[in-house]
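First comes the structure, then the notes that go with it.
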Amino acid sequence: MKEIFDLTDQVAIVTGGARGIGKAIALGLANFGANIVIADISLREAEQTAGEIEKLGRKAIVVKVDVTKKREIDKMVRKTIQHFRKIDILVNNAGILKTAEPENISEADWDKVMAINLKGYFLCAQAVGREMIKRKQGKIINIASIAGEIAFAQAAAYNSSKGGVILLTESLGCDWAKHNIRVNAIAPGVIETAMTKDFLANKKFLEMVKVKVPLSRAGKPEEIAGAAIFLASKASSYMTGNVINIDGGWTTIL
Ligand code: NAD
């Protein structure tokens, strides 16, 4: 039964894999046998993460990419194919959060959040998907958020981008099933990363998390990795277009 989670010799691109949730997923996939492409805008952290993956006995390369730029995404795909000859798994994870009252969101901030969190996911899925279609196989995992299902306060652009990621997941899952490409999403709740550091340092926010989340705490990046391993492996062979919430129970209660 254990082998249904096996990822030996699979090749995974993880965008935003340098740190946080992306890093935990990259290490998780590597632990189950995958070789990893860390695709990130931050080279220094990406190289450190690649080093940690190599220590596990897997291969890892770093590709500097801004996921809003199609040309750089095409280069990421070319470099991966040159190095590993194939792509089995794409984890769309690179994302940003900007908060403000809706009346104060600048057009530039709205565009940036949408460009990275939604258009970036689509462009990466499209470029990698074209390679997967040729091989008639592949798994795409989109890191959405529970903010794509219920609104977080003062986060209209972020919430909208993550809602879009969920519909993108359903759309690609529907259209690419015929190519044997499965597309699923993970929707985390509040997880301790650089993105949430300032919020979690705020006593009021932390109290709100403790009250609203049945498990009464924020999650750790490692607690997202298991679902990514599951979605990347045969264990999830009857899933596509689906979303897994990992939120300590937050979205299950009123
Ligand atoms: P993080 O800030 O720790 O990591 C984000 C990574 O993305 C960094 O390595 C960063 O360099 C990279 N990145 C940012 N812009 C990029 C770009 N244009 N091109 C390429 N790489 C870029 O954040 P995190 O909390 O690990 O978030 C990862 C994903 O998880 C995001 O999509 C986020 O929306 C989602 N998420 C996070 C939480 C949370 O509570 N932390 C909850 C739900 C969803």
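Atoms within a ligand are numbered from 1 in the order they appear, just like the ligands themselves. Numbering starts at 1 and runs along the sequence shown.
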* **Numbered atoms and elements of ligand 1 in range of Val67, under 4.0 angstrom, heavy atoms** => 17 (C), 18 (N), 19 (N), 20 (C)
* **Identity and separation of the nearest protein heavy atom to atom 10 (C) of ligand 1** => Asp40 OD1, 3.5 Å
* Asked: Looking only at heavy atoms, is any part of Tyr121 under 4.0 Å from ligand 1, and if so is it the side chain, the backbone, or both, or is it neither?
  -> side chain
* If the plane angle is over 60° it's perpendicular, under 30° parallel, otherwise tilted; pick one for Phe32 and Phe5. => perpendicular
* **Protein residue, atom and distance nearest to atom 40 (O) of ligand 1, heavy-atom basis** => Ile191 N, 2.7 Å
* Asked: ligand 1 versus Thr196, non-hydrogen atoms closer than 4.0 Å: side chain, backbone, both, neither?
  -> side chain
* Asked: Applying the 4.5 Å side-chain criterion to the ILVMFWY set and letting contacts propagate, would Tyr121 and Val113 be lumped into a single cluster?
  -> no
* Structure fact -> of all protein heavy atoms, closest to atom 20 (C) of ligand 1 is Val65 O, 3.1 Å
* Residue Gly20 vicinity, atoms of ligand 1 by number, heavy atom under 4.0 Å -> 3 (O), 26 (O)
* Asked: In terms of residue, atom name and distance, what is the protein heavy atom nearest to atom 34 (O) of ligand 1?
  -> Tyr158 OH, 2.7 Å
* Asked: Under 3.5 Å, side chain of Asp109 to main-chain N/O of Ile105, donor-acceptor pair present?
  -> no
* To do: For the residue pair Gln10 and Lys139, confirm or rule out a side-chain donor-acceptor distance under 3.5 Å.
  => yes
* Asked: Can you list the ligand 1 atoms lying under 4.0 Å from a non-hydrogen atom of Gly16?
  -> 6 (C), 7 (O), 9 (O), 12 (C)
* Atoms of ligand 1, numbered as shown, that sit under 4.0 Å from any heavy atom of Ala194 -> 3 (O)
* Donor on one side chain, acceptor on other, Asp40 and Ser42, under 3.5 Å -> no
* Structure fact -> One finds that the ligand 1 atoms under 4.0 Å from a non-hydrogen atom of Ser42 are 11 (O)
* Answer with yes or no whether Phe199 contacts ligand 1, where contact means a heavy atom under 4.0 Å from a ligand atom. => no
* Asked: Who's the nearest protein heavy-atom neighbour of atom 27 (O) of ligand 1, and how far?
  -> Met195 CE, 3.9 Å
* Structure fact -> Among non-hydrogen protein atoms, atom 22 (C) of ligand 1 lies closest to Ala94 CB, 3.6 Å
* For Ala18, take its heavy atoms, then give the atoms of ligand 1 lying under 4.0 Å from any of them. => 9 (O)
* atom 37 (C) of ligand 1: the protein heavy-atom neighbour that sits closest, reported with distance to 0.1 Å -> Ile21 CD1, 3.5 Å
* For Ile116, atoms of ligand 1 separated by under 4.0 Å from a heavy atom -> 18 (N)
* By number and element, which atoms of ligand 1 are closer than 4.0 Å to a non-hydrogen atom of Val190? -> 40 (O)
* Asked: Does Lys162 have a non-hydrogen atom less than 4.0 Å from ligand 1?
  -> yes
* Classify the contact between Thr15 and ligand 1 as side chain, backbone, both or neither, using a heavy-atom distance cut-off of under 4.0 Å. => neither
* Results of salt bridge (charged side-chain N to carboxylate O under 4.0 Å, His left out) for Asp88 - residues two or more places apart only -> Lys86, Arg135
* Examine distances only and state if a side-chain atom of Asn184 and a backbone atom of Leu231 form a donor-acceptor pair shorter than 3.5 Å. => no
* **Within reach of ligand 1, part of Asp66 (heavy-atom separation under 4.0 Å)** => both
* To do: Sequence neighbours left out, what passes side chain to side chain contact (heavy atoms under 4.5 Å, CB included) with Glu149? Give chain and number order.
  => Ile146, Ile166, Ala187, Val243, Asn245, Thr251
* Asked: Does some non-hydrogen atom of Gly17 fall short of 4.0 Å from ligand 1?
  -> no
* Sidechain-backbone polar pair: Asn104 side chain, Ala100 backbone, donor-acceptor under 3.5 Å -> no
* Asked: Would you find a donor on one side and an acceptor on the other, under 3.5 Å apart, between the side chain of Thr49 and the backbone of Ala18?
  -> yes
* Identify the heavy atoms of Ala144 and Ala185 that sit nearest to each other, and give their distance. => CB-CB, 4.4 Å
* Asked: Can a non-hydrogen atom of Ala144 be found less than 4.0 Å from any atom of ligand 1?
  -> yes
* Structure fact -> The closest protein heavy-atom partner of atom 2 (O) of ligand 1 is Arg19 NH2, 2.8 Å
* Donor-acceptor contact below 3.5 Å, side chain Lys162 vs main chain Asn117 -> no
* To do: Compute whether any side-chain donor of one residue and acceptor of the other, for Arg19 and Thr193, lie under 3.5 angstrom apart.
  => no
* Structure fact -> To atom 32 (O) of ligand 1, the nearest of Asn93, Ile143, Thr193 on a heavy-atom basis is Asn93
* **Side-chain (Asn35) to main-chain (Val11) donor-acceptor, under 3.5 angstrom** => no
* **The one among Ser145, Gly189, Gly95, Ala46 that brings a heavy atom closest to atom 42 (C) of ligand 1** => Gly189
* **Side-chain donor/acceptor of Arg58 to backbone N/O of Ala30, under 3.5 Å** => yes
